[in-house]
Asker: 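Could you have a look at this structure, given as structure tokens, before my questions?
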Amino acid sequence: FGAKMMEQNKQKKLILIVDDDVDFLTQNKMLLANEGFEVVTAEGQVEAEKALKEINPDLVISDLMMENFDGGFWISETVKKKNPNIPVILVTSVTRELGLKFDTTTDDERSWIKADKLLNKPIRFEQLFKEVQKLLK
């Protein structure tokens, strides 16, 4: 039984969620775990730095603005330097709060935004889950 559990855990995809909004972390950790993912959370950039030294996630979901205005950009870049094949989804309320718009559709923006997908908060779980599935194929 123990070996079977270990084997099952190996097959589960590991997702790191980084956000300073504890409600966002808790809700999405629970929902993704219910979909069969192993989920690790970090409450901000500093915790994410520590987590990324210890784990090798299959996918990262990160808020954009945390302790630092550009925390999510930093996390994306760190993840991509470690392994360019790890998909990163940036979630942000920067458009709603500050009126700034970011996108990953042009080559220019992709040259400095290292995320694979940018989603605006508030975000429905179905939308997030669809992107997670797409990026982990």
Asker: Between Ile17 and Val132, is there a shared hydrophobic cluster once you connect ILVMFWY residues whose side-chain heavy atoms come closer than 4.5 Å?
Answerer: yes
Asker: Between Ile89 and Asp116, is any pair of side-chain heavy atoms under 4.5 Å apart?
Answerer: no
Asker: So do the side chains of Val91 and Asn120 get within less than 4.5 Å of each other, counting heavy atoms only?
Answerer: no
Asker: Can you tell me how far CG of Leu59 sits from NZ of Lys117, rounded to the nearest 0.5 angstrom?
Answerer: 13.0 Å
Asker: Under 4.5 Å between any side-chain heavy atoms of Gln127 and Leu119, yes or no?
Answerer: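 Gln127 vs Leu119: side chains touch.
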Asker: Got a list of side-chain donor-acceptor pairs under 3.5 Å for residues 40-55, not counting sequence neighbours?
Answerer:
unit_1, atom_1, unit_2, atom_2, d
Gln45, OE1, Asn68, ND2, 3.0
Glu47, OE1, Glu43, N, 3.0

Asker: Would you say the side chain of Pro57 lies within less than 4.5 Å of the side chain of Val60, judging by non-hydrogen atoms?
Answerer: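 Yes, side chains in contact.
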Asker: Show the nearest heavy-atom pair for residues Leu90 and Asp63, with the distance to one decimal.
Answerer: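 Between these two residues, the closest heavy atoms are CD2-O, 4.0 Å.
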Asker: At what distance, to the nearest 0.5 angstrom, does OG1 of Thr92 lie from NZ of Lys121?
Answerer: 7.0 Å
Asker: Can Lys12 and Phe37 be said to form a side chain to side chain contact (heavy atoms under 4.5 Å, CB included), step by step?
Answerer: CA-CA 6 Å; Lys12 274 189 176 185; Phe37 293 99; over 6 Å; no
Asker: With a 4.5 Å cut-off on side-chain heavy atoms, are Leu128 and Ile61 touching?
Answerer: yes
Asker: Check whether any side-chain heavy atom of Asp19 sits under 4.5 Å from a side-chain heavy atom of Ser62, and report yes or no.
Answerer: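 In short, these two side chains do not touch, never coming nearer than 4.5 Å.
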Asker: Could you give the distance from CG (Asp58) to CG (Leu135), rounded to the nearest 0.5 Å?
Answerer: 12.0 Å
Asker: Considering residues at least two apart in sequence or located in another chain, which fulfil the side-chain contact (heavy atoms from CB on, under 4.5 Å) criterion with Asn85?
Answerer: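 For Asn85, the residues satisfying side-chain contact (heavy atoms from CB on, under 4.5 Å) (neighbours in sequence not counted) are Asn83.
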Asker: Are Leu16 and Ile123 connected in the hydrophobic side-chain network, where two residues link if heavy atoms are under 4.5 Å apart?
Answerer: no
Asker: State plainly whether one hydrophobic cluster holds both Met66 and Val88, where clusters connect Ile, Leu, Val, Met, Phe, Trp and Tyr through side-chain heavy atoms under 4.5 angstrom apart.
Answerer: yes
Asker: Name each donor-acceptor pair under 3.5 Å that joins a side chain in residues 22-32 to protein atoms two or more places apart or in another chain, with its distance.
Answerer:
unit_1, atom_1, unit_2, atom_2, d
Thr26, OG1, Val22, O, 2.8
Asn28, ND2, Phe24, O, 3.0

Asker: Would you indicate whether the side-chain heavy atoms of Phe125 and Lys130 approach each other to under 4.5 Å?
Answerer: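 Of all side-chain heavy-atom pairs linking Phe125 with Lys130, none is under 4.5 Å.
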Asker: Would you say Lys80's side chain and Ile86's backbone share a donor-acceptor pair under 3.5 angstrom?
Answerer: yes
Asker: Looking at Lys81 and Glu77, is there a salt bridge between them, counting it only when a charged N and a carboxylate O are closer than 4.0 Å?
Answerer: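 A salt bridge links Glu77 with Lys81.
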